[in-house]
A.B. asks: 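Take a look at the following structure, please.
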Amino acid sequence: MEKILKRCLILTALLLGLQPLSSCNIITPLVFVFSPDPTVEAVFPLEDRPTVVFVDDRRNLLTPTSLRRVLADQVTKDLMKQEVVTITISPQDAAVVARRSDTDD
């Protein structure tokens with residue numbers, strides 16, 4: 001009987017000690033920070049030629065609109081960092097050219 005009571009007390013102490021971790025949701029951010037970035041095998045490998053990342057958001061789903069620029073810049077940096085392509089064209093330059101071609105009819 002004393003053994004069972006001792007085990008129950010240890011289990012209760014353990015559960016009470018772990019309870020703050022679950023209530024303030026610390027474990028999820030720690031797992032997110034320390035887990036490696038997910039990778040997916042490319043379906044269509046890119047050829048090594050000058051490349052531009054252009055985010056075409058005709059329905060304005062990305063708000064604020066500056067997210068388009070941030071997304072394009074980050075993808076461009078990732079492509080260069082992972083040595084997928086060796087030459088990239090600035091996404092901002094591509095956006096300027098696209099804006100000009102929309103207004104020049």
Side-chain angles (χ1 to χ4, degrees):
M1 183 73 169
E2 192 175 304
K3 223 179 206 184
I4 294 174
L5 182 61
K6 198 176 203 178
R7 285 183 182 175
C8 286
L9 287 175
I10 291 173
L11 183 61
T12 304
L14 181 63
L15 290 175
L16 287 175
L18 293 176
Q19 193 273 335
L21 291 176
S22 66
S23 66
C24 61
N25 203 7
I26 288 177
I27 294 174
T28 302
L30 288 176
V31 169
F32 180 76
V33 167
F34 291 111
S35 64
D37 290 336
T39 57
V40 177
E41 194 67 32
V43 176
F44 301 104
L46 293 177
E47 294 179 24
D48 189 14
R49 56 171 45 174
T51 305
V52 65
V53 176
F54 182 75
V55 179
D56 188 12
D57 185 28
R58 295 177 192 196
R59 294 184 185 168
N60 291 324
L61 297 175
L62 294 174
T63 54
T65 55
S66 62
L67 282 179
R68 291 181 216 148
R69 182 181 49 79
V70 171
L71 181 63
D73 287 341
Q74 188 59 50
V75 171
T76 301
K77 287 177 188 173
D78 287 346
L79 287 173
M80 293 293 287
K81 186 171 124 181
Q82 295 176 9
E83 298 178 354
V84 176
V85 293
T86 53
I87 300 173
T88 58
I89 300 166
S90 167
Q92 289 129 0
D93 294 343
V96 168
V97 170
R99 241 182 265 119
R100 282 188 193 149
S101 66
D102 279 348
T103 57
D104 295 343
D105 287 330

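Note that the coordinates shown come from a computational prediction; the quantities given were computed from them, not determined experimentally.
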A.B. asks: Residues in side chain to side chain contact (heavy atoms under 4.5 Å, CB included) with Thr63, at least two apart?
C.D. replies: none
A.B. asks: Other hydrophobic cluster members with Ile10, side-chain heavy atoms of Ile/Leu/Val/Met/Phe/Trp/Tyr under 4.5 Å, chained?
C.D. replies: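 The other cluster members (ILVMFWY side chains, heavy atoms under 4.5 Å, direct or chained): none.
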A.B. asks: Hey, what do you get for CE (Met80) to OG1 (Thr51), rounding to the nearest 0.5 Å?
C.D. replies: 9.5 Å
A.B. asks: Do you see a donor-acceptor pair shorter than 3.5 Å between the side chains of Asp78 and Gln74?
C.D. replies: yes
A.B. asks: Which donor-acceptor pairs under 3.5 Å do the side chains of residues 85-97 make with protein atoms, sequence neighbours left out?
C.D. replies:
from, atom 1, to, atom 2, distance (Å)
Thr86, OG1, Asp48, OD1, 3.0
Thr86, OG1, Asp48, OD2, 3.4
Ser90, OG, Gln92, N, 3.3
Gln92, NE2, Asp73, OD2, 3.3

A.B. asks: Going by the rule side chain to side chain contact (heavy atoms under 4.5 Å, CB included), which residues pair with Leu62 if we only count those two or more places apart in sequence or in a different chain?
C.D. replies: Val55, Asp57, Leu67, Arg68, Leu71
A.B. asks: Linking directly or through intermediates, with side-chain heavy atoms under 4.5 Å: list the remaining ILVMFWY members grouped with Phe44, chain and number order.
C.D. replies: Val43
A.B. asks: Only counting residues at least two apart or in another chain, list the ones meeting salt bridge (charged side-chain N to carboxylate O under 4.0 Å, His left out) with Glu41.
C.D. replies: none
A.B. asks: For the hydrophobic clusters of this structure (ILVMFWY residues joined by side-chain heavy atoms under 4.5 Å, transitively), does one cluster hold both Val75 and Phe54?
C.D. replies: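 Val75 and Phe54: separate clusters.
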